[in-house]
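Below is one structure, written out as structure tokens, with a few remarks after it.
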Amino acid sequence: QVQLVESGGGLVQAGGPLTLSCVAPGRKLSRLTMAWFRQALGKEREFVAANRWSDLFTTCADSVKGRCTISRDNAKNTVTLQMNNLKPEDTGVYYCAGDLFGPGSRDPSAYASWGQGTQVTVSS
């Protein structure tokens, strides 16, 4: 498991942008597929986006497609999630996750490394 630390959450106005960062202190991310998940109050954790370690293929959930960009900087051991045109339904705790040599699964159970999460609240 790799320690992951998220930052960048907070209160955001609907229609505005969001940037979340995830860093792995002292560890390399180059062999990890990295993903973002989110969990709204009373709901299950859901996939948001993933960036595959092998070919840097990226994918976003249908609920955020067109508003989502996930990128990584392996030299800085950092993964970034950018979203725009935020909606109140984007509110939740956002988690960074890592899967060693992972294929880019959308199932949270495939990821062994997790951050503690960062709250994002979108106000209408």
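Remember, it's a predicted structure, so these values are computed and weren't measured experimentally.
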Practice problem: If a pair satisfies disulfide (SG to SG under 2.5 Å) and one of its residues is in residues 77-124, list it, with sequence neighbours excluded. | Solution: C22-C96
Self-check item: Set of side-chain hydrogen bond (donor to acceptor under 3.5 Å, both in side chains) partners for N77, sequence neighbours left out
Solution: none
Quiz item: Is it the case that R38 places NZ or CZ above or below the six-membered ring of Y95, under 6.0 angstrom from the centre and within 45 degrees of the axis?
Solution: no
Practice problem: Locate the shortest heavy-atom distance separating A35 from I70; write the atom from each residue and the value. | Solution: CA-CD1, 4.4 Å
Exercise. Report the residues that fulfil side-chain hydrogen bond (donor to acceptor under 3.5 Å, both in side chains) with T59, sequence neighbours left out, ordered by chain and then residue number.
Key: R106
Quiz item: Using 4.0 Å as the upper bound for N to carboxylate O, is an ion pair formed by K65 and D62?
Solution: yes
Quiz item: Does the side chain of R67 come under 3.5 Å of the side chain of N84 through a donor N or O and an acceptor N or O?
Solution: no
Quiz item: Which atom names give the shortest non-hydrogen contact between V64 and M83, and what distance separates them?
Solution: CG1-CE, 3.7 Å
Exercise. Examine distances only and state if a side-chain atom of R31 and a backbone atom of G102 form a donor-acceptor pair shorter than 3.5 Å.
Key: no
Self-check item: Residue list, ring-ring contact (aromatic ring centres under 6.0 Å, His included) with F37, at least two apart or on another chain
Solution: F47, Y111, W114
Quiz prompt | Set of side-chain hydrogen bond (donor to acceptor under 3.5 Å, both in side chains) partners for T121, sequence neighbours left out | solution = Q119
Quiz item: Strictly by modelled atom types, are D107 and S105 linked by a side-chain donor-acceptor pair under 3.5 Å?
Solution: no
Quiz item: What pairs of residues pass the ring-ring contact (aromatic ring centres under 6.0 Å, His included) test when at least one of them lies in residues 53-90, not counting sequence neighbours?
Solution: W53-F101
Quiz item: What's the shortest heavy-atom distance between C68 and V48, and which atoms?
Solution: SG-O, 4.3 Å
